[in-house]
Engineer: 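Structure in structure tokens, see below.
Lettering of chains follows the sequences in order, A, B, ..., and the numbering in each one begins at 1.
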Amino acid sequence: GNSVTQMEGPVTLSEEAFLTINCTYTATGYPSLFWYVQYPGEGLQLLLKATKADDKGSNKGFEATYRKETTSFHLEKGSVQVSDSAVYFCALISSSDYKLSFGAGTTVTVRA
Amino acid sequence: DAGITQSPRYKITETGRQVTLMCHQTWSHSYMFWYRQDLGHGLRLIYYSAAADITDKGEVPDGYVVSRSKTENFPLTLESATRSQTSVYFCASSLSSGGYSGELFFGEGSRLTVL
């Protein structure tokens, strides 16, 4: 079956620090990969996505590259802000169905 | 307002009572989903629907019932609430045209406490 494993948190950083959240996956076929973000008190929203190997998704200064050889989709941001404090979820959808599988989520807190 | 709305946002109930969480979307999306969010588990799919009158079980369907008589509504019912169903519930929808893109649009969540 499909599964997503992401690094456990919580992660606490200072403003302007570099952020990496690791995500690896197991899937049949050729999955599409996603990062969702959940700001405090809100529902999830799509942050970025990549649909095939070597694609790089990017948005709001965040980037993630679809690495088929390592089955990974790590999220990075070079200089975080307090407003980036949120829970980040890695997710995938396989080519065989239309149900997203989510990782457990990583809580990120950025301090001024 | 356009979008996806859930109600109630907060609910406290007692063990054994029936509870219904409502979800309404204004985009006419074909696909709708119910997830529960629990610490350490992320989001787990309860039920989903590909269209009106078409529903199917997800990862954790036991104790829940859904219906979808209209495209825009997808209520989730806990027939006899248990403490293990204390959670935050999220409804989501997605576009249907061109196949499923994987982009879900989420409601703000319903926090349910079962005493």
Side-chain angles (χ1 to χ4, degrees), chain A residues 1-10 21-25 27 29-52 55 57 59 64 66 73 75 86-108, chain B residues 3-7 9-10 21 23-25 27 29-51 54-61 66 74 87-111:
Chain A
N2 301 327
S3 67
V4 177
T5 302
Q6 59 182 104
M7 64 183 284
E8 294 185 11
I21 304 176
N22 290 338
C23 172
T24 57
Y25 66 89
Y30 301 95
S32 294
L33 302 173
F34 306 84
W35 278 100
Y36 277 80
V37 59
Q38 183 182 27
Y39 298 106
E42 299 183 8
L44 281 72
Q45 56 185 275
L46 180 65
L47 179 60
L48 54 83
K49 69 177 183 181
T51 58
K52 61 182 186 296
D55 268 2
N59 187 25
Y66 186 166
F73 193 53
L75 182 68
V87 182
Y88 293 83
F89 293 90
C90 187
L92 72 80
I93 182 169
S94 73
S95 53
S96 60
D97 63 33
Y98 51 84
K99 299 186 291 295
L100 273 179
S101 296
F102 286 90
T106 302
T107 300
V108 173
Chain B
I4 184 165
T5 55
Q6 295 182 230
S7 62
R9 294 290 313 280
Y10 303 92
L21 305 179
C23 179
H24 175 80
Q25 52 105 353
W27 292 305
H29 287 173
S30 287
Y31 298 106
M32 296 189 75
F33 306 82
W34 274 107
Y35 287 89
R36 59 178 289 173
Q37 183 180 26
D38 303 291
L39 195 63
H41 291 280
L43 272 74
R44 292 181 290 176
L45 182 64
I46 305 171
Y47 269 94
Y48 62 99
S49 170
I54 300 174
T55 62
D56 208 346
K57 296 178 180 179
E59 183 184 355
V60 289
V66 293
F74 191 40
S87 186
V88 180
Y89 292 84
F90 286 99
C91 180
S93 68
S94 69
L95 292 167
S96 61
S97 61
Y100 178 54
S101 69
E103 180 170 5
L104 269 61
F105 296 85
F106 282 82
E108 293 182 315
S110 296
R111 182 176 294 275

Engineer: Taking atom OH of A/Tyr39 as the centre, report whether more than 12 heavy atoms of other residues, nucleotides or ligands fall under 6.0 Å from it.
Structural biologist: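 Enclosed.
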Engineer: CD1 of A/Ile93 to OG of B/Ser94: how many Å apart, nearest 0.5 Å?
Structural biologist: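 Rounded to the nearest 0.5 Å, the CD1-OG separation comes out at 8.0 Å.
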Engineer: Select one option (side chain, backbone, both, neither) describing which atoms of A/Gln6 are under 4.5 Å from chain B's heavy atoms.
Structural biologist: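 Contact with chain B involves no heavy atom of A/Gln6 at all.
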Engineer: Side chain, backbone, both or neither: which part of B/Leu45 has a heavy atom under 4.5 Å from chain A?
Structural biologist: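 When you check distances to chain A, only side chain atoms of B/Leu45 fall under 4.5 Å.
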Engineer: Show your reasoning for whether side-chain contact (heavy atoms from CB on, under 4.5 Å) applies to B/Phe90 and A/Gln38.
Structural biologist: CA-CA 12 Å; B/Phe90 286 99; A/Gln38 183 182 27; 3.1 Å; yes
Engineer: Go through the structure and list residues passing ring-ring contact (aromatic ring centres under 6.0 Å, His included) with B/Tyr89, not counting sequence neighbours.
Structural biologist: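 Per chain and number, B/Tyr89 pairs via ring-ring contact (aromatic ring centres under 6.0 Å, His included) with B/Tyr64.
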Engineer: For the CD atom of B/Glu103 and the CD atom of A/Gln45, what is their distance to the nearest 0.5 Å?
Structural biologist: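 That separation rounds to 10.0 Å.
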Engineer: Output all residues satisfying salt bridge (Lys or Arg N to Asp or Glu O under 4.0 Å) with A/Lys52, sequence neighbours left out; order by chain, then residue number.
Structural biologist: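 A/Lys52 satisfies salt bridge (Lys or Arg N to Asp or Glu O under 4.0 Å) with A/Asp55 only.
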Engineer: Can you tell me which portion of B/Arg44 sits under 4.5 Å from chain A's heavy atoms? Options are side chain, backbone, both or neither.
Structural biologist: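 For B/Arg44, neither part sits under 4.5 Å from chain A.
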Engineer: Kindly compute the distance separating CG (B/Leu104) from CG (A/Leu100), expressed to the nearest 0.5 Å.
Structural biologist: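 B/Leu104 atom CG to A/Leu100 atom CG measures 5.0 Å (nearest 0.5 Å).
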Engineer: Examine whether an atom of B/Gln37 lies under 4.5 Å from a heavy atom of chain A, and if so say whether it belongs to the side chain, the backbone or both; otherwise answer neither.
Structural biologist: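 The side chain, not the backbone.
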Engineer: Could you measure the distance from the CD atom of A/Glu42 to the CZ atom of B/Phe106? Nearest 0.5 Å is fine.
Structural biologist: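 A/Glu42 atom CD to B/Phe106 atom CZ measures 13.0 Å (nearest 0.5 Å).
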